Number of protein chains: 2
Amino acid sequence: MGQTATRTLRADAERSVRVILEAAERVLAEDPGASMEQIAAAAGVARTTIHRRFANRQALIETLASSAARQLAQAVEDGRPDTAPPLVAMHRITANVLEVKSAWAFALELPADPDSEAARLHQGIARRCIAVLERARADKLIDEAADLDWVRRVYYALLRESLQDNAAAADPDTLAARIIDTLLHGAGPRA
Amino acid sequence: MGQTATRTLRADAERSVRVILEAAERVLAEDPGASMEQIAAAAGVARTTIHRRFANRQALIETLASSAARQLAQAVEDGRPDTAPPLVAMHRITANVLEVKSAWAFALELPADPDSEAARLHQGIARRCIAVLERARADKLIDEAADLDWVRRVYYALLRESLQDNAAAADPDTLAARIIDTLLHGAGPRA
DNA sequence: GTGAACTGCAACAGAGCTGATGCAGATATG
DNA sequence: CATATCTGCATCAGCTCTGTTGCAGTTCAC
């Protein structure tokens with residue numbers, strides 16, 4: 001049955017849910033079409049247990065998406081987007097987001113149903129992001145004529161790219177520095 | 001049977017193959033897990049016809065990937081990567097690539113088997129790309145200390161992002177201009 | 001400690017997809 | 001025009017996945 005109504009699960013059940021979601025992220029990141037059986041195996045749980053906690057594949061994925069989106073929103077807030085100096089906020093947020101995104105890459109790339117919790121969270125995050133960019137522009141870090149929506153999209157693209165062949169799994173702060181530098185200055189020669 | 005050996009298909013059969021590949025691109029772009037039946041329907045062809053031309057789903061997808069990669073390589077060559085002035089080449093290549101990528105988005109994003117034709121083509125394209133960037137660097141368009149592999153990855157990311165919510169389906173030249181501008185100067189204030 | 005909640009296991013029906021085959025009719029090619 | 005090729009259609013077997021149920025054994029919570 002669906003667990004839309006959260007009727008205070010027992011401690012072990014709650015743990016099961018967490019383990020299942022983590023396994024789902026790992027397995028689906030590698031193969032988005034993986035079966036419930038594979039997810040169950042990766043979670044060290046019987047397939048029926050997944051079906052007891054999630055009505056169907058769809059429900060599992062939606063829960064996964066919201067859960068990850070909530071963590072992402074937290075990562076952004078932790079960077080103090082509207083109190084820290086813009087450049088500091090950008091660095092901190094970027095490093096935080098890189099850590100969350102590397103752990104929940106699949107869940108955060110899911111195309112979200114427009115009126116899902118995940119979609120609302122992502123919209124809120126985008127607004128936060130734009131707000132930081134506006135503060136940066138006010139500080140002359142960004143060109144006055146810049147289209148901030150494009151800048152935000154470029155920023156997202158840089159985040160994604162940094163996590164792609166993350167074989168090096170480099171330090172988030174190093175990656176963040178490169179992202180912000182590229183975002184603000186591109187590849188051209190420095191003054 | 002597999003058609004690895006191309007034994008001069010009849011004209012109508014060749015046309016069928018093309019129609020199937022185009023349909024596969026369209027359908028799979030929207031839903032990567034779509035069935036052969038759906039692809040056949042989109043192609044206006046019986047499902048059995050697909051199976052006659054392609055041994056299995058895998059073979060169809062590989063053909064799709066190579067075909068698209070070949071077109072992409074052509075698009076790059078058409079920009080005269082090693083004779084035109086670097087900035088001109090970058091613009092032309094970008095505009096060409098945008099057109100091909102918008103038509104074959106799914107096929108070109110496929111994770112290619114390391115020793116497939118598609119993979120070899122993509123490697124060649126990446127080399128070409130690096131070569132252009134080196135020429136741009138020699139012309140002081142790119143910082144001397146820049147990591148060209150990172151620059152190339154950023155370039156790819158910008159291309160991808162530009163095609164994402166291509167609702168506007170803007171003029172390739174306009175998009176290309178923005179990509180190159182962002183790549184070289186970022187979002188910071190202009191001198 | 002007692003009862004309720006949770007889990008694994010086994011088994012089930014239903015659905016969808018794949019790949020193959022045979023045949024009859026249409027179409028290109030020389 | 002004659003033949004080889006191609007296609008649609010109908011049908012088939014086989015597989016995998018999903019979602020459910022019943023039961024027996026374990027674990028949490030009060």
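As a basis for the values below, the full set of heavy atoms in this structure was taken, side chains included, without hydrogen atoms, waters or symmetry mates. Quick caveat: nothing in here was measured; it's all calculated off a predicted structure.
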Please write out the pairs of protein N or O atoms and N or O atoms of nucleotides 28-30 of chain C separated by less than 3.5 Å, giving the distance to one decimal.
residue, atom, partner, partner atom, Å
C:dT29, OP1, B:Ala11, N, 3.2

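Checked by atom type and distance alone, the side chain of B:Thr49 never pairs as donor or acceptor with a backbone atom of B:Val45 at under 3.5 Å.
Atom NE2 in B:His51 sits about 12 Å away from atom P in C:dC17, given to the nearest Å. As a whole-Å value, the separation of B:Phe54 CZ from D:dC6 P is 13 Å. B:Glu37 places its CD atom 12 Å from the P atom of D:dA10, with the value rounded to the nearest Å. If you take CD1 of B:Ile50 and C1' of C:dA20, they are 15 Å apart, rounded to a whole angstrom. When rounded to the nearest whole Å, the span between CZ of B:Arg15 and P of D:dC6 equals 15 Å. Straight-line distance from the CD atom of A:Glu14 to the C1' atom of C:dA5: 13 Å, rounded to whole Å. In this structure, the CG atom of A:Asp31 is 14 Å from the C1' atom of D:dT16, given to the nearest Å. Whole-Å rounding puts the B:Arg52 CZ to D:dA10 C1' distance at 12 Å.
The nucleotide whose nearest atom lies closest to any side-chain atom of B:Met36 is, among D:dA10, C:dC6, C:dT18, C:dT18. The side chain of A:Ser35 approaches D:dC17 more closely than any other nucleotide in the set C:dC9, C:dT18, D:dC17.
B:Gly44 comes within 4.0 angstrom of sugar-phosphate atoms only, judged by non-hydrogen atoms across all strands, and of no base. Note on B:Arg47: a base of the nucleic acid sits closer than 4.0 angstrom, heavy atoms only. Backbone-only engagement by A:Ser16 is indicated by non-hydrogen atom pairs under 4.0 Å involving sugar-phosphate atoms exclusively.
Of the side-chain N and O atoms in A:Arg57, one or more sit less than 4.0 angstrom from OP1 or OP2 of D:dT18. When the side-chain nitrogen and oxygen atoms of A:Thr49 are compared with OP1 and OP2 of C:dG8, one or more of them lie within a distance under 4.0 Å. The phosphate of C:dT7 has OP1 or OP2 within less than 4.0 Å of a side-chain N or O from A:Arg53.
In the hydrophobic cluster analysis, where Ile, Leu, Val, Met, Phe, Trp and Tyr join through side-chain heavy atoms closer than 4.5 angstrom, B:Leu141 is grouped together with B:Ile179.
Crowding of B:Arg70 atom CZ: a count of heavy atoms from other residues, nucleotides or ligands under 6.0 Å exceeding 12. Within 6.0 Å of the CD atom in A:Glu77, the count of heavy atoms belonging to other residues, nucleotides or ligands exceeds 12.
Geometric assessment of B:Arg152 against the ring of B:Tyr156 yields a positive cation-pi assignment under the 6.0 Å and 45° thresholds.
No side-chain donor-acceptor contact under 3.5 Å links B:Ser116 and B:Asp113. Side chain to side chain, B:Ser67 and B:Trp104 fail the donor-acceptor criterion of an N or O pair below 3.5 Å.
In terms of position along DNA chain C, the nucleotide closest to A:Val45 lies nearer the 5' end than the nucleotide closest to the other residue of the pair B:Gln38 and A:Val45. Mapping B:Ala13 and B:Thr48 onto DNA chain D via the closest heavy atom, the residue that lands nearer the 5' end is B:Ala13.
Ion pair A:Arg128/A:Asp82 flagged as a salt bridge, since at least one NZ, NE, NH1 or NH2 atom sits closer than 4.0 Å to an Asp/Glu carboxylate oxygen.
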